[in-house]
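One structure is given below, encoded as structure tokens.
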Amino acid sequence: MAQKFDHPYLLMAEVWAQNSYCKRRKVGALIVKDRMIISDGYNGTPSGFENICEDEDGVTKPYVLHAEANAITKVAKSGNSSEGSTLYVTASPCMECAKLIIQSGIKRVVYRDAYRLTDGIDLLKRAGIEVEQTE
């Protein structure tokens, strides 16, 4: 069920995605708990690596982190808890990110763009996480 603040938080995730150095696709994510943003992330290379996401052939490097993974690890480092929170992300989560979402206690995922593979979304639903696609 859509919440009043879903659209504004998704717009903020879109703005945050612009921080990504990735050329193929820029993705942003926010973790919100009790109407407070507790973490954010965008896709990119790990801390201390060069800010180049694709190789010379335009293929994404295997060590690039997804926006969701960056937001989840950032909240873990902060000492905050994502238990019961909502994740807003500009693209639907992949299987690897879905596993992190489940383990981090996030209870709701709102995304904008569907990815061609639905295995991540399918896993989230199987885990009982509320999933919603919105504009």
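Across every non-hydrogen atom of Ala91 and Arg25, the tightest pair is CB-NH1, 4.2 Å. Annotation for Glu50 and Lys61: closest pair OE2-NZ, 2.9 Å, computed over non-hydrogen atoms. Between Arg108 and Asp6, the shortest heavy-atom contact is NH2-OD2, 2.6 Å. Taking each heavy atom of Ala98 and Pro93 in turn, the nearest pair found is N-CB, 4.4 Å. Among all heavy-atom pairs drawn from Ser39 and Val75, the shortest one is OG-N, 3.5 Å. Heavy atoms only, all atoms of each residue included: Lys26 and Ser20 are closest at NZ-O, 2.6 Å.
Between atom CG of residue Leu30 and atom CG of residue Leu10 there is a gap of 8.5 Å, rounded to the nearest 0.5 Å. How far OG of Ser92 is from CZ of Arg112: 11.0 Å, rounded to the nearest 0.5 Å. Rounded to the nearest 0.5 angstrom, Ile37 CD1 and Thr86 OG1 are separated by 12.0 Å. Note: Ser85 OG to Ile38 CD1 = 5.0 Å, rounded to the nearest 0.5 Å. To the nearest 0.5 Å, the span separating CD1 on Ile102 from SG on Cys97 amounts to 11.5 Å.
Side chain of Thr90 to backbone of Glu14: no donor-acceptor contact under 3.5 angstrom is found. Between the side chain of Tyr111 and the backbone N or O of Leu87 there is no donor-acceptor pair closer than 3.5 Å. With hydrogens and angles ignored, the 3.5 Å screen pairs no side-chain donor or acceptor of Ser82 with any backbone N or O of Ile106. At least one donor-acceptor pair under 3.5 Å links the side chain of Glu54 to the backbone N or O of Arg24. Asn70 places no side-chain N or O within 3.5 Å of a backbone atom of Ala67 that could act as its donor or acceptor partner.
Using a 4.5 Å cut-off between side-chain heavy atoms of Ile, Leu, Val, Met, Phe, Trp and Tyr, with links allowed through other members, Val64 and Ile52 fall into different hydrophobic clusters. Connection of Met95 to Val27 is established within a shared hydrophobic cluster, with ILVMFWY side chains joined at heavy-atom distances below 4.5 Å, either directly or through further cluster members. Tracing side-chain contacts under 4.5 Å through hydrophobic residues (I, L, V, M, F, W, Y), one reaches Val89 starting from Met36; they form part of the same cluster.
Between Tyr9 and Arg35, some side-chain heavy-atom pair lies under the 4.5 Å cut-off. Residues Tyr63 and Pro46 form a side-chain contact, since some pair of their non-hydrogen atoms from C-beta on lies under 4.5 Å apart.
Of the candidates Val110, Val109, Thr134, Leu11, Val110 is the only one forming a side chain to side chain contact (heavy atoms under 4.5 Å, CB included) with Tyr88.
In this structure Lys74 satisfies the salt bridge (Lys or Arg N to Asp or Glu O under 4.0 Å) test together with Asp40, sequence neighbours excluded. For Tyr21, the ring-ring contact (aromatic ring centres under 6.0 Å, His included) test picks out no residue, with sequence neighbours left out.
For the side chain to side chain donor-acceptor pair (under 3.5 Å) condition, the pairs that include at least one residue of residues 95-107, sequence neighbours left out, are Glu96-Lys99.
Salt bridge Lys33/Glu83: absent, no basic N to carboxylate O contact under 4.0 Å.
In this structure, Asp34 places its CG atom where only 12 or fewer heavy-atom neighbours from other residues, nucleotides or ligands lie under 6.0 Å away.
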